[in-house]
Trainee: 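Take a look at the following structure, please.
Keep in mind that the numbers below use all heavy atoms, side chains included, and drop hydrogens, waters and symmetry copies.
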Amino acid sequence: MKMYCVASSAFPSSHHTTLLNNKLSPLPFRRNRSHQSLRLRRRNSLIRGMRAVIQRVSSSSVAVDGRIVSEIGPGLLVLIGIHESDTDSDADYICRKVLNMRLFPNETSGKGWDQNVMQRNYGVLLVSQFTLYGFLKGNKPDFHVAMPPEKAKPFYASLVEKFQKAYNPDAVKDGVFGAMMKVNLVNDGPVTMQLDSSQSSKNETKTST
């Protein structure tokens with residue numbers, strides 16, 4: 001308390017008044033909120049596409065209400081975040097890229113990063129995770145750029161179907177959309193990759209036209 005009094009008395013009275021006025025004025029706070037809102041809008045405007053976090057696993061499973069609903073042995077656990085602006089082209093890109101990512105060694109040739117999940121006949125476990133499109137507003141997460149559940153549920157179901165048709169229906173598993181899931185995994189490596197459809201799918205579309 002004494003230190004505070006000494007420090008405040010060291011300023012001329014006019015300077016002290018200016019500091020007090022600035023402290024009480026709402027203008028700096030309005031500017032801060034405006035700048036934060038602008039940064040958030042700019043950041044959100046850069047995000048346009050489906051997001052996948054791919055983990056190479058020795059095994060993985062999903063449990064709901066204490067019961068295992070899906071499980072795989074060696075393969076890929078794929079967490080899927082669906083953006084509100086996603087279309088079929090984003091789903092096609094994620095499906096194609098995930099199934100063709102060379103994340104596995106070739107045991108015959110000894111080469112690393114040489115084979116994809118289909119070449120190894122391994123499993124794929126898909127899990128919908130809207131929190132991949134979460135941002136912090138202060139300390140509170142915000143998920144408004146994720147696709148709303150009523151639209152995301154059929155869209156996610158169509159994505160699972162794409163994986164099953166492109167690979168093997170028996171090898172592609174998924175969790176329970178919208179449920180509180182317990183996801184268990186043994187990450188092999190560890191190997192974890194993040195894939196966004198935003199730029200790449202648009203660039204490929206432009207190239208093909």
Trainee: Using 0.5 Å steps for rounding, measure from the OG atom of Ser128 to the CZ atom of Phe177.
Mentor: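 One finds 4.5 Å between OG of Ser128 and CZ of Phe177.
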
Trainee: Whether the Ser60 and Asn184 side chains hold a donor-acceptor pair (N or O, under 3.5 Å, no angle test) is what I'd like checked.
Mentor: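 No - no donor-acceptor pair under 3.5 Å links their side chains.
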
Trainee: Are Met101 and Tyr93 co-members of a hydrophobic cluster defined by side-chain heavy atoms under 4.5 Å apart?
Mentor: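 Yes; Met101 is reachable from Tyr93 via cluster members.
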
Trainee: Is Lys111 reaching over with its side chain to a backbone N or O of Thr108, donor-acceptor style, under 3.5 angstrom?
Mentor: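 Looks like no, no N/O pair under 3.5 Å.
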
Trainee: Please check if the number of heavy atoms outside Lys182 that lie under 6.0 Å from its NZ is greater than 12.
Mentor: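 Counting neighbours around NZ of Lys182, 12 or fewer heavy atoms of other residues, nucleotides or ligands fall under 6.0 Å, so no.
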
Trainee: Work out which heavy atom in Asn116 is nearest to a heavy atom in Phe104; give both atom names and the distance.
Mentor: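 What the structure gives for the nearest pair is C-CD1, 3.9 Å.
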
Trainee: Show the numbers, then the answer: is there a side-chain contact (heavy atoms from CB on, under 4.5 Å) between Trp113 and Asn106?
Mentor: CA-CA 7 Å; Trp113 313 104; Asn106 188 322; over 6 Å; no

Trainee: Taking all non-hydrogen atoms of both residues into account, name the closest pair between Gln115 and Gln119 and its distance.
Mentor: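 Heavy atoms of Gln115 and Gln119 come nearest at CA-OE1, 3.1 Å.
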
Trainee: When you check the gap from the basic side-chain N to the acidic O, do Arg120 and Glu107 get nearer than 4.0 Å?
Mentor: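 Yes, charged N to carboxylate O under 4.0 Å.
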
Trainee: Would a 4.5 Å heavy-atom cut-off, applied to side chains only, mark Asp188 and Val186 as touching?
Mentor: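 Contact flag for Asp188/Val186 side chains = no.
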
Trainee: Quick check against the 3.5 Å criterion: does Arg56 have a side-chain atom that pairs as donor or acceptor with the backbone of Leu103?
Mentor: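 Checked: pair present.
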
Trainee: Using side-chain contact (heavy atoms from CB on, under 4.5 Å), reason through Gln129 and Ile80 one step at a time and then give a plain yes or no.
Mentor: CA-CA 5 Å; Gln129 188 173 347; Ile80 300 291; over 6 Å; no

Trainee: Pick out which of Asp92, Thr87, Ile94 makes a side chain to side chain contact (heavy atoms under 4.5 Å, CB included) with Ser197.
Mentor: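 By the side chain to side chain contact (heavy atoms under 4.5 Å, CB included) criterion, Ser197 pairs with just one of Asp92, Thr87, Ile94: Ile94.
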
Trainee: Got a sec, which hydrophobics cluster with Leu79, joining ILVMFWY side chains under 4.5 Å apart, including via others?
Mentor: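 Answer for Leu79: Val53, Val57, Val62, Val64, Val69, Ile72, Leu77, Leu125, Val127, Leu132, Val176, Met181, Val183, Leu185.
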
Trainee: Quick check for you: to the nearest 0.5 Å, what is the distance between Ile82 atom CD1 and Leu159 atom CG?
Mentor: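 Here the interatomic distance stands at 6.5 Å.
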
Trainee: Atom CG of Asn187 and atom CD of Gln55: how far apart are they, to the nearest 0.5 Å?
Mentor: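 The distance works out to 5.0 Å.
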
Trainee: Which heavy atom of Pro74 sits nearest to which heavy atom of Tyr122, and what is that distance?
Mentor: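 Answer, listing the atom of Pro74 first, then Tyr122: O-CB, 3.2 Å.
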
Trainee: Is the closest side-chain heavy-atom distance between Val160 and Gln164 below 4.5 Å?
Mentor: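 Val160 vs Gln164: side chains touch.
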
Trainee: Are the side chains of Phe155 and Met50 in touch, meaning some heavy atoms are under 4.5 Å apart?
Mentor: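 Phe155 vs Met50: side chains touch.
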
Trainee: Could you walk me through whether Phe163 and Arg96 satisfy the side-chain contact (heavy atoms from CB on, under 4.5 Å) test, starting with their C-alpha distance in whole Å, then the side-chain angles of each, then the deciding distance to 0.1 Å, before giving a yes or no?
Mentor: CA-CA 8 Å; Phe163 270 86; Arg96 184 174 68 256; over 6 Å; no

Trainee: Go through Ser70 and Asp174 one step at a time and tell me if the side chain to side chain donor-acceptor pair (under 3.5 Å) criterion holds.
Mentor: CA-CA 6 Å; Ser70 290; Asp174 72 316; 4.9 Å; no

Trainee: Determine, stepwise, if the pair Met118 / Asn100 fulfils side-chain contact (heavy atoms from CB on, under 4.5 Å).
Mentor: CA-CA 8 Å; Met118 297 185 293; Asn100 287 282; 4.0 Å; yes

Trainee: Do Asp196 and Gln194 have side chains that approach each other closer than 4.5 Å (heavy atoms only, starting at C-beta)?
Mentor: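 Of all side-chain heavy-atom pairs linking Gln194 with Asp196, at least one is under 4.5 Å.
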
Trainee: Please check if the distance between the ring centroids of Phe143 and Tyr133 is under 6.0 Å.
Mentor: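 That pair fails the under 6.0 Å test.
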
Trainee: Not counting sequence neighbours, which residues clear salt bridge (charged side-chain N to carboxylate O under 4.0 Å, His left out) with Arg102? List them please.
Mentor: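 Not a single residue meets the salt bridge (charged side-chain N to carboxylate O under 4.0 Å, His left out) criterion with Arg102.
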
Trainee: Heavy atoms only: give me the nearest Ser85-Gly49 pair and the separation to one decimal.
Mentor: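 Taking Ser85 first and Gly49 second, the nearest heavy atoms are OG-N, 4.3 Å.
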
Trainee: Is there side-chain contact between Asp142 and Leu136, with heavy atoms separated by less than 4.5 Å?
Mentor: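 A side-chain contact is absent here, since even the closest heavy-atom pair is not under 4.5 Å.
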
Trainee: Using every non-hydrogen atom in the two residues, find where Asp86 and Gly81 come nearest and quote the distance to one decimal.
Mentor: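 Residues Asp86 and Gly81, closest heavy atoms: OD2-O, 4.3 Å.
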
Trainee: Could you grab the distance from atom CG of Asp88 to atom OG of Ser158, nearest 0.5 Å is fine?
Mentor: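 One gets 6.0 Å once the value is rounded to the nearest 0.5 Å.
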
Trainee: Tell me, do Leu99 and Val117 make a side-chain contact under 4.5 Å, heavy atoms counted?
Mentor: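 A side-chain contact exists here, since the closest heavy-atom pair is under 4.5 Å.
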
